[in-house]
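Have a look at the structure below, then the notes.
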Number of protein chains: 2
Amino acid sequence: MTSMIKVLLAEDQSMVREALAALLGLEDDIEVVAQVARGDQVLAAVGAHGVDVALLDIEMPGCTGIEAAARVHREFPRVKLVVLTTFGRPGYLRSAMEAGADAFLVKDAPAAQLAEAIRKVLSGERVIDPTLAAAALAEGANPLTEREREVLRAAADGSTNAELAKALHLSQGTVRNYLSTAIQKLAVRNRAEAVRIAREKGWL
Amino acid sequence: MTSMIKVLLAEDQSMVREALAALLGLEDDIEVVAQVARGDQVLAAVGAHGVDVALLDIEMPGCTGIEAAARVHREFPRVKLVVLTTFGRPGYLRSAMEAGADAFLVKDAPAAQLAEAIRKVLSGERVIDPTLAAAALAEGANPLTEREREVLRAAADGSTNAELAKALHLSQGTVRNYLSTAIQKLAVRNRAEAVRIAREKGWL
DNA sequence: CGATCCGTATGACATCTGTCATCCGGCACG
DNA sequence: CGTGCCGGATGACAGATGTCATACGGATCG
């Protein structure tokens, strides 16, 4: 072979990360040259190792894989980005694409698709599950405003209106208004459902 | 070597499952003889392949890895059980141990501990993260009654009292009473927090 | 410039939620 | 046998939540 494909692996759970490394290690044209456990370590590692492809989990401490993807895309536009996630939320796919991802894989998919996706993005292809792509398009864009998202996110842990108001420097009435509009936009009956639905769609 | 250690791998996410298989495949005394993606397929697979060790993820469709562990323990008491989970919830550890697990690992732990744990349980040892064990002991037992757990579980998706009452064949007042006592036992201020805390502790 | 949307806020109102006291029947434990 | 605890229920009450109308300043867009 002319040269190995250099891959960075970003995933917070060591066992999964090292297992994925073992999996990719079985491919004789792929070499895992760096592993990180936090989103905020991705950029530095990409710079340090001259990687060809970054494989990014979404759920990570530090920053999400999507944010990391956006940064890498800005700083190193030639590095290919594969986003890997547990949750096939259409909103995630949308954000990942906006962040410049070249492939979007769910961990439910067969392992063989991983190496395959790495080779495909390197040859300029994009890799997206067609079912997910359809779902993302069918779902439409996130209807929530930035503020509504913030309030909903803050309300997710069961905080009361008074606590939300204090935390976000808003009046209690305003908090209620935002939650009310969010509840209506999501067509649900209370904040708890709103949080759940927004999460499921990847809108939070 | 005299004989390979036969391992069953139960984990719903194909990519993770096959990656773990690749990882274990690197060990020359371990052989993954079966893989399943659902909890309710574990028992049959254990019976069919004469496995020495079953490696069980907790979060799985069909039934949880803990339930699967309990069944295997009843039917095949000589099969060693390693429970693997994303979440280091003390309540999970407790339930896993009660189900007859020999080892309890979190996916955060270094990959090397996996093969190590498999060898240790086969030699009769138990493998438990000491930090987690301490947390499980410090936390005490689940204070919620079966009914309180059920109601809380049903309330987790944001259902209203009326819906809960209908779904559980209870009066609305009774639903409120159960939620109220659960809220007090968990020392929180509303059902949303109660759900969150109970989840975190693995009491749901 | 006017229309529209966002962020913020208030007040009033209806409904939902959480608490408490109280009750019943059943079951377990000393 | 009494004393608890659990499952189940009712009614009353206070406080939290959700809805609606309305308002104002700023931004954006035609």
Side-chain angles (χ1 to χ4, degrees), chain A residues 91 94-95 98 139-204, chain B residues 91 94-95 98 139-204:
Chain A
R94 184 179 294 264
S95 327
E98 283 167 9
E139 183 181 79
N142 186 340
L144 304 174
T145 70
E146 171 59 24
R147 262 337 219 171
E148 286 160 358
R149 267 198 305 281
E150 272 180 58
V151 176
L152 212 49
R153 229 178 289 140
D157 66 356
S159 297
T160 126
N161 283 335
E163 292 168 339
L164 294 174
K166 202 165 296 177
L168 300 170
H169 308 292
L170 291 173
S171 94
Q172 256 190 70
T174 304
V175 169
R176 284 196 288 170
N177 286 342
Y178 285 150
L179 286 173
S180 183
T181 59
I183 287 166
Q184 288 178 307
K185 284 178 178 176
L186 300 176
V188 294
R189 265 177 311 301
N190 54 50
R191 61 183 69 192
E193 264 189 320
V195 167
R196 187 170 60 83
I197 297 298
R199 274 231 182 92
E200 273 174 24
K201 304 226 180 193
W203 287 344
L204 248 191
Chain B
R94 183 180 293 266
S95 325
E98 284 166 8
E139 181 183 81
N142 186 340
L144 302 175
T145 70
E146 172 57 25
R147 259 342 216 170
E148 285 160 0
R149 266 198 304 281
E150 270 179 61
V151 177
L152 212 48
R153 230 178 290 140
D157 65 356
S159 296
T160 128
N161 283 335
E163 292 167 339
L164 294 174
K166 201 164 298 176
L168 301 169
H169 308 291
L170 291 174
S171 92
Q172 258 191 64
T174 304
V175 169
R176 285 195 288 170
N177 286 341
Y178 284 148
L179 286 173
S180 183
T181 60
I183 287 166
Q184 288 178 306
K185 284 179 179 176
L186 300 176
V188 294
R189 269 178 310 301
N190 55 50
R191 61 183 69 191
E193 267 189 320
V195 167
R196 188 170 60 84
I197 297 298
R199 274 232 181 89
E200 273 173 24
K201 303 224 180 194
W203 286 344
L204 248 191

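Computed over heavy atoms, backbone and side chain alike; hydrogens, waters and symmetry mates excluded. What you see is a predicted model; the values in this text were computed from it and never measured. In what follows, chains are A, B, ... by sequence order, proteins preceding strands, each numbered from 1.
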Original post:
Between A:S171 and A:A165, what is the shortest heavy-atom contact and its length?
Top reply: C-CB, 4.0 Å
**OP:** Go through A:T160 and A:L164 one step at a time and tell me if the side chain to side chain contact (heavy atoms under 4.5 Å, CB included) criterion holds.
**Re:** CA-CA 6 Å; A:T160 126; A:L164 294 174; over 6 Å; no
Subject >> Contact interval (first through last nucleotide) of DNA chain C with protein chain B, 4.0 Å heavy-atom >> reply: C:dT17 to C:dC20
**OP:** Answer yes or no: is there a donor N or O on one side and an acceptor on the other, between the side chain of A:N161 and the main chain of A:G173, under 3.5 Å?
**Re:** no
Subject >> Rounded distance (nearest 0.5 Å) linking atom NZ of B:K166 with atom OG of B:S159 >> reply: 11.5 Å
Original post:
How long is the gap from CZ on B:R196 to NZ on B:K201, to the nearest 0.5 Å?
Top reply: 11.0 Å
**OP:** Check the pair A:V151 / A:E148 against side chain to side chain contact (heavy atoms under 4.5 Å, CB included), numbers first and verdict last.
**Re:** CA-CA 5 Å; A:V151 176; A:E148 286 160 358; 5.9 Å; no
Original post:
Does A:N190 reach the main-chain N or O of B:G158 with its side chain, forming a donor-acceptor pair under 3.5 Å?
Top reply: yes
Original post:
So how far is it from A:L204 CG to A:I197 CD1, rounded to the nearest 0.5 Å?
Top reply: 11.0 Å
**OP:** Could you list the residues that satisfy salt bridge (charged side-chain N to carboxylate O under 4.0 Å, His left out) with A:R149, not counting sequence neighbours?
**Re:** A:E146
Subject >> Test: B:E150 and B:R147 ion pair at under 4.0 Å >> reply: yes
Original post:
How close do B:A154 and B:L168 get, heavy atom to heavy atom, and via which atoms?
Top reply: CB-CD1, 4.3 Å
**OP:** Without swapping roles, check the side chain of A:E193 against the backbone of A:R189 for a donor-acceptor pair under 3.5 Å.
**Re:** yes
**OP:** Check each residue of residues 196-204 of chain A for a non-hydrogen atom within less than 4.0 Å of any atom in DNA chain D, then write out the ones that pass by number, or none.
**Re:** none
Original post:
After noting the C-alpha distance and the side-chain angles of A:W203 and A:L186, does the key distance pass the side chain to side chain contact (heavy atoms under 4.5 Å, CB included) rule?
Top reply: CA-CA 11 Å; A:W203 287 344; A:L186 300 176; 3.6 Å; yes
Original post:
Listed in order of residue number, which residues of residues 150-171 of chain A have a non-hydrogen atom at under 4.0 Å from DNA chain C?
Top reply: A:L170, A:S171
Original post:
Is A:K185 reaching over with its side chain to a backbone N or O of A:L144, donor-acceptor style, under 3.5 angstrom?
Top reply: no
Subject >> Terminal contacting nucleotides, 5' and 3', DNA chain D versus chain A (heavy atom, 4.0 Å) >> reply: D:dT17 to D:dC20
Original post:
How would you label the contact of B:T145 with the nucleic acid (heavy atoms, under 4.0 Å): base, sugar-phosphate, or nothing?
Top reply: sugar-phosphate
Original post:
In residues 176-186 of chain B, which ones come under 4.0 Å of DNA chain D, going by heavy atoms?
Top reply: B:R176, B:N177, B:Y178
**OP:** Check whether any side-chain N or O of A:T174 sits under 3.5 Å from a backbone N or O of A:L170 as a donor-acceptor pair, and report yes or no.
**Re:** no
